[in-house]
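Fair warning: this is a prediction, and the values are worked out from it, not measured in the lab. No hydrogens, no waters, no symmetry mates; every other heavy atom, side chains included, goes into these values.
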Amino acid sequence: MRAVEPVAMLFRDFDTADRILGLRRNTERAVQAGALLEAVADSWVRRQQSGPVLAGFTFYLTLAEAQHA
């Protein structure tokens, strides 16, 4: 059996979204890479923490069956 199933994920609170999506971690990486100013990043994280938050993405669940030789 082989299948690929799209699964829509939706988060409505910052802590859960951060745990799964790494929002703080990726924001920090953007600062370190010079893509965001630290003040802008800190402000964005504070706004997300105070809510409301709506974050989503599509996860693709892939199923495969191993063939034995």
Side chains of residues 62-69: which donor-acceptor pairs under 3.5 Å do they make with residues two or more places apart or in other chains?
unit_1 : atom_1 : unit_2 : atom_2 : d
E65    : OE1    : M1     : N      : 2.6

Less than 3.5 Å apart, which donor and acceptor atoms pair up between the side chains of residues 11-25 and the rest of the protein, not counting sequence neighbours?
unit_1 : atom_1 : unit_2 : atom_2 : d
D13    : OD1    : T16    : OG1    : 3.1
D13    : OD2    : T16    : N      : 3.0
D13    : OD2    : T16    : OG1    : 2.9
D18    : OD1    : L23    : N      : 3.0
D18    : OD1    : R24    : N      : 2.8
D18    : OD2    : R24    : NH1    : 2.6

Less than 3.5 Å apart, which donor and acceptor atoms pair up between the side chains of residues 37-47 and the rest of the protein, not counting sequence neighbours?
unit_1 : atom_1 : unit_2 : atom_2 : d
S43    : OG     : R47    : NH1    : 3.1

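N26 pairs by the side chain to side chain contact (heavy atoms under 4.5 Å, CB included) definition with R29, not counting sequence neighbours. For the side chain to side chain contact (heavy atoms under 4.5 Å, CB included) test, residues two or more places apart in sequence or in another chain that qualify with A35 are A30. Qualifying side chain to side chain donor-acceptor pair (under 3.5 Å) partners for Q32, counting only residues two or more places apart in sequence or in other chains: E28. Residues satisfying the side chain to side chain contact (heavy atoms under 4.5 Å, CB included) criterion with P6, sequence neighbours excluded, are T58, Y60.
In the hydrophobic clustering, where aliphatic and aromatic side chains (Ile, Leu, Val, Met, Phe, Trp, Tyr) are joined below 4.5 Å either directly or transitively, L54 groups with L10.
Both L61 and M9 are assigned to one and the same hydrophobic cluster, defined by single-linkage of ILVMFWY side chains at heavy-atom distances under 4.5 Å.
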